[in-house]
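The next block holds one structure in the form of structure tokens; read it before the comments.
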Amino acid sequence: SFLAGLFAGMVLLSGPSFIFGILTILGGWALLAFVSGDSPSLEIERKHLLTGLAGVGFSLFIFGTLLMRYPQGLAAMFQAIPDYFGGIFRSSTAEAGAPLAQMLVALLVYQPFAVLFALFGMSGRGDEPQNASIFLLGSLAAGLLLISIDPSRQVWMLLWLIVPLWLFAGKALAPFLSLPKQEDRLLVFGEAAFFLVILLYWWFNLSKMTTVFAFNIPAGVSLWDFNALDGSTKVYLVRMLVTIVIPLLIVLITALAARVWEGSGAIQGTFWGAGAFLAFYLLMTTWNFTAQPTELAGELWMQGPSPGYAQELMDAIEETSLQITGTKYELNLVYQIDSPLVHWLLRDFPNASYVAVPLENQLPDAVLNRETGSGEDLLSQFYLGERVTLQLSRNWGGRTLPPDFDRWLVYRETIVENDWVTLWRRSDLFPLYSPEPSE
């Protein structure tokens, strides 16, 4: 109970995400009350309730106020309510959130395991729906409704949908995760191995499709006139056909095996083979969360630009400060980039100041801007410049999804735009790099 209260306190501090989650839970509660006809009740023993409340208080004291060093953290917790509803009822001039189509595709791309098997779990397998399933279905429907009506929707909202999806998926998988019966083992293991192999081939075929860039069907040429097409188009069409046929083949084999073989061995083999493939895909997708900045910029869960190589920029600034002042953070720096990221990166530099207008008759130790330097300007005469990519943003030409979606799906490669900045350092402040006098 104490641990439950501890984590509940952390949820209370999660900002607008907490409000969204509460609304999804209330949606499930309302559907359960409507279907069952009774008002659902939650009975908790007094000692467990007190222990849970103690955990909530401890969590708020430790994480919400940092041992009362920042008591305003509790006020920020209540600020989550106007922040969330302010996003729903925002003005038409406010910045738009993620497109709804992108949100749904992101759910399929990042959680195909949960989505696929949750569909089986929702079917109930012929049984009467239970209260838990009704509650989860209501929460899922409420979450989708809230996402669809919220113009400031963010991809993090999908986290509250993943929970009921995984619970439904667990309901579908539970009957088939046990060791198969003795008479079904040959069928289950053989079917699982066969499906895993052809699914891996399906992925390999999809990856090869992304390498075919010349795809052209001349006007007046029918697809049935296959010999009239060029070689690259033939290869692409064959690979596309294989991509479509393999999932249909799995469904057909499963249906035939389930009809011929008594028991649940056929379904169990399919679940094991497809589950192993989707688990491998899920592992690789999770691994991409630690990818390079150029790849992170194209992820669907990213809103706005990714940080790029900001750490390399900070290393250069700290090294410059150390060489000029002897400390890391005393550099006399002027920056001309009005960006929240830059303001945050330079928060520990007391001598760093933001100046919007170009410098005139000033020679600070370092200057950070987006200029490249040319001609006889002040920077080119007295400073040495180093360009760094501060941020990376996807450049999809206004599209909701990447232009080459199949290639993005396999390799996470997409078109990104670099936000270049230049760190200018006064050349006369580096005596160690001056040439030694000749004898």
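Just so we're clear, the structure is a prediction, and the values are computed from it rather than from any experiment.
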Look at the side chain of [X] and the backbone N and O of [Y], then say whether any donor-acceptor pair between them is shorter than 3.5 Å.
X	Y	result
S59	V56	no
Q154	S152	yes
T243	R239	yes
T24	S139	no
S321	I317	no
N351	E330	yes
R153	S148	yes

Pairwise distance [atom1]([X]) to [atom2]([Y]) - rounded to 0.5 angstrom:
X	Y	atom1	atom2	value
I337	L368	CD1	CG	4.0 Å
Q391	L341	CD	CG	5.0 Å
L145	D150	CG	CG	10.5 Å
I250	I246	CD1	CD1	7.0 Å
D348	K328	CG	NZ	11.0 Å
D365	L331	CG	CG	5.5 Å

For [X] versus [Y], what's the shortest heavy-atom pair and its separation?
X	Y	result
L278	F113	CB-CD1, 3.4 Å
E371	T422	O-OG1, 2.9 Å
P175	K171	CD-O, 3.4 Å
A316	L423	CB-CD2, 3.9 Å
W396	L300	CH2-CD2, 3.7 Å
P364	Y383	O-OH, 2.6 Å

Determine, using ring centers only, whether F195 and W272 are less than 6.0 Å apart. no
For the residue pair [Y] / [X], report whether a side-chain donor-acceptor contact shorter than 3.5 Å exists.
X	Y	answer
Q111	W166	yes
S17	W160	yes
R425	T320	yes

State, yes or no, whether a side-chain contact exists between [X] and [Y] at a heavy-atom distance under 4.5 Å.
X	Y	value
P402	R399	no
I162	Y110	no
T400	V105	no
L158	I147	yes
Y411	D404	no
R412	T285	yes
N205	M209	yes
F18	I22	yes

Before you tell me yes or no, could you show the steps for D419 and T389 under side-chain contact (heavy atoms from CB on, under 4.5 Å), namely the whole-Å CA-CA distance, both residues' side-chain angles and the distance that decides it to 0.1 Å? CA-CA 6 Å; D419 179 16; T389 300; 5.6 Å; no
Heavy atoms from other residues, nucleotides or ligands near CZ of F280 exceed 12 (cutoff 6.0 Å):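 Atom CZ in F280 is not packed in, count stays at 12 or less.
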Using a cut-off of 6.0 Å, state whether more than 12 heavy atoms not belonging to Y201 lie near its atom OH. no
Going through the distances and angles, do F85 and I19 end up as a side-chain contact (heavy atoms from CB on, under 4.5 Å)? CA-CA 9 Å; F85 289 102; I19 306 300; 3.9 Å; yes
Decide whether a cation-pi geometry holds between R426 and W424; the criteria are a distance under 6.0 Å from NZ or CZ to the six-membered ring centre and an angle within 45° of the ring axis.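 The answer is no, since R426 fails at least one limit relative to W424.
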Parallel, tilted or perpendicular: which describes the rings of Y281 and W203, with under 30° parallel and over 60° perpendicular? perpendicular
According to the interplanar angle, ranging from 0 to 90°, do the rings of H343 and Y354 count as parallel (below 30°), tilted (30 to 60°) or perpendicular (above 60°)? perpendicular
For the pair E318 and Y329, evaluate side-chain contact (heavy atoms from CB on, under 4.5 Å) and give the outcome as yes or no after the intermediate values. CA-CA 7 Å; E318 292 176 1; Y329 306 109; 3.8 Å; yes
Verify side-chain contact (heavy atoms from CB on, under 4.5 Å) between I198 and F194, making sure each step is shown before the conclusion. CA-CA 6 Å; I198 64 172; F194 175 70; 3.9 Å; yes
